[in-house]
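In this text the structure is predicted, and so the values were computed from the model without any measurement.
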Amino acid sequence: MESTTPFDLNEAIQRWREDLAPSPAFRSGDLDELESHLRDASALLQTRGLTEPEAFLIASRRLGRPETLALEFGKVHGDAVWRTRLLWMIAVAMLLVAALDVARIAAQAGLLIGSWATGNGFLQGWFGVAGQCVVLGLGLWLVRLATTGRLRLRPLAHPNPFWFKRPGLTVALLLTALVVLRGSAGLLHALAVGRLEPHAVGQAFLVMTTGHSILILLSLAALAVMSGALLHRQREGLHHGASLPLTTFLVLMLCGLPALAAEKVPAAPNQSADANAANATMDQAMESWRAGQKAKAVEQFVTVDFSKRPLFPAGSILNYSEAQFAALNPAAREKVSQPMLDDVQVIKQIAMQVTQAATDAQAGGNGTRASQYLAQVKRCGEALEHPNSLALLKLVGKALVRMSSGTPAPGR
């Protein structure tokens with residue numbers, strides 16, 4: 001024998017009000033007035049022989065569908081509707097920035113953990129990518145639950161929540177939260193960079209840039225699919241309480257995520273697989289010079305193919321452009337500045353030693369070797385003057401070109 005739940009008119013009316021409440025077209029007094037009409041109509045229908053559930057069903061249908069009622073009352077309270085929509089757009093835009101800041105914090109936390117786990121800059125960068133991947137994956141999962149209606153957001157869509165009554169306080173709280181998040185990300189970044197070896201900073205950011213770009217593309221693809229699904233649900237009339245904020249959120253994510261996320265890490269300098277030999281040789285020349293093996297450094301420098309880029313090993317800050325270097329966090333720039341200056345000084349010293357070797361070869365009657373050495377110095381200078389080079393390297397490049405032509409170069 002089946003058991004049926006007794007019909008409760010008050011409970012049915014409460015559910016009916018909850019269906020109307022998310023719309024900004026209704027004020028509290030409007031819902032009270034509609035409820036009064038619904039109760040009166042239901043009571044009248046019961047006096048004509050209908051049961052209580054039948055009377056409620058007929059009365060609610062005669063009163064109008066929620067979408068129809070929202071359209072009618074929206075004409076009366078148009079200012080409130082657009083004010084609410086504007087507040088929603090501002091709120092979700094700030095939430096978007098907050099979400100990206102949380103992802104930034106996760107990336108820096110992963111980088112910090114990586115700095116404890118390994119001394120390899122590339123592996124440290126992947127720790128940062130993993131942290132960001134976890135946060136973005138969790139965020140996309142929550143958005144998917146919300147767009148399919150399995151995550152109810154009715155408290156956010158209440159017609160008169162306190163954050164709409166006190167917008168100034170709400171904005172202040174959100175801005176405070178954003179400042180705290182941004183500050184936390186900066187602090188974690190400074191801590192992580194402080195633990196990295198100078199040579200590992202560029203390697204870590206190279207990996208984080210690559211992983212970050214992949215995650216952004218995957219996130220945009222997932223958001224596009226969820227946006228299409230949500231719009232389809234709306235066309236089919238399958239509404240739930242947060243369709244307006246969710247639609248706004250998804251649109252803002254699709255339009256603004258690439259621009260906002262670009263602040264996370266600088267763009268990766270171009271890398272090419274066929275430049276390994278040139279990188280190794282240039283790196284070997286610099287290492288030989290640091291070890292005091294000047295003659296060996298000269299011979300290695302002469303064999304470098306400066307027509308290939310990058311000129312330096314993968315992850316080296318010397319491969320960055322000036323814009324990419326400026327995009328680094330101040331802590332990272334400070335960390336790599338002195339090693340970068342030391343590397344530039346080594347390049348200048350090797351080039352001057354090669355020029356001196358050319359002079360010695362010319363004095364010894366070996367004009368061919370002298371021309372070869374000077375031509376290599378010129379090729380090095382021209383390569384350093386590339387538009388995508390650091391400003392400091394461009395200046396050094398100009399000096400090397402002058403040096404190769406016999407024009408006196410600036411002092412050391």
Side-chain angles (χ1 to χ4, degrees), residues 119 121 193 196-206 269-272 275-322 324-325 328 332-361 369-370 372-386 388-405 407-412:
V193 170
L196 297 181
E197 294 296 329
H199 72 275
V201 173
Q203 296 172 350
F205 282 134
L206 175 62
N270 295 327
Q271 305 289 332
S272 59
N276 289 335
N279 286 339
T281 303
M282 187 62 189
D283 189 47
Q284 290 172 2
M286 296 171 69
E287 290 300 323
S288 296
W289 183 269
R290 293 189 184 96
Q293 301 173 342
K294 296 184 177 181
K296 184 177 181 180
V298 169
E299 294 303 320
Q300 290 171 331
F301 177 87
V302 173
T303 63
V304 176
D305 184 358
F306 287 108
S307 65
K308 297 180 180 180
R309 300 190 71 85
L311 300 176
F312 305 97
S316 172
I317 295 297
L318 294 178
N319 289 326
Y320 278 58
S321 68
E322 189 66 23
Q324 291 164 349
F325 181 75
L328 288 173
R333 291 200 301 271
E334 182 179 356
K335 183 79 174 184
V336 302
S337 289
Q338 188 57 52
M340 181 183 69
L341 292 174
D342 293 341
D343 288 342
V344 170
Q345 186 67 15
V346 168
I347 295 172
K348 292 168 59 179
Q349 291 171 347
I350 294 175
M352 286 187 285
Q353 185 68 27
V354 173
T355 304
Q356 182 61 46
T359 302
D360 295 341
R369 179 180 289 265
Q372 178 188 2
Y373 281 8
L374 290 176
Q376 186 70 345
V377 172
K378 182 178 181 180
R379 283 191 289 267
C380 178
E382 291 172 345
L384 295 180
E385 284 189 278
H386 192 277
N388 289 334
S389 294
L390 289 165
L392 179 59
L393 287 181
K394 291 180 181 179
L395 293 176
V396 173
K398 291 180 180 179
L400 296 189
V401 171
R402 290 196 300 267
M403 185 188 304
S404 66
S405 63
T407 304
R412 302 187 184 199

Return the minimal non-hydrogen interatomic distance between Val346 and Trp289, and the atom names on each side.
-> CG1-CD1, 3.9 Å

Residues Ser404 and Lys378: closest non-hydrogen pair is OG-CB, 3.3 Å

Distance (rounded to the nearest 0.5 Å) between Asp360 CG and Gln356 CD | 4.5 Å

Correct closest heavy-atom pair for Gln300 and Ser288 would be OE1-OG, 2.8 Å

If every non-hydrogen atom of Leu196 is compared with every non-hydrogen atom of Lys335, which pair is closest and at what distance?
-> O-CE, 2.7 Å

Please name the pair of heavy atoms, one in Leu400 and one in Cys380, separated by the smallest distance, quoted to 0.1 Å.
-> CD1-SG, 3.8 Å

Backbone of Phe312 reached by a side-chain donor or acceptor of Asn319 within 3.5 Å | yes

Between Leu390 and Ile317, what is the shortest heavy-atom contact and its length?
-> CD1-O, 3.7 Å

Decide yes or no for Leu384 and Ile347: does some side-chain heavy atom of the first lie under 4.5 Å from some side-chain heavy atom of the second?
-> yes

Indicate yes or no: at least one non-hydrogen side-chain atom of Asp342 is less than 4.5 angstrom from one of Gln338.
-> yes

Considering residues, nucleotides and ligands other than Glu334, do more than 12 of their heavy atoms fall under 6.0 Å from its CD?
-> no

Contacts of Lys394 meeting side chain to side chain contact (heavy atoms under 4.5 Å, CB included) (sequence neighbours excluded), chain-then-number -> Ser389

Rounding to 0.5 Å, atoms CG (Leu318) and CG (Leu311) come to a distance of 9.0 Å

State the OG1-CE distance between Thr359 and Met352, to the nearest 0.5 angstrom.
-> 12.5 Å

Point-to-point distance, once rounded to the nearest 0.5 Å, from CD of Glu385 to CG of Leu395 | 9.0 Å

Could I get the full list of salt bridge (charged side-chain N to carboxylate O under 4.0 Å, His left out) partners for Glu287, not counting sequence neighbours?
-> Arg290

Say you draw a straight line from CD of Gln284 to CE of Met286; how long is it, rounded to the nearest 0.5 Å?
-> 12.5 Å

Residues two or more places apart in sequence or in another chain: which of them pass side chain to side chain contact (heavy atoms under 4.5 Å, CB included) with Gln376?
-> Phe301, Val304, Phe306, Arg379

Supply the atom-to-atom distance Met340 CE to Arg333 CZ, rounded to the nearest 0.5 angstrom.
-> 10.5 Å

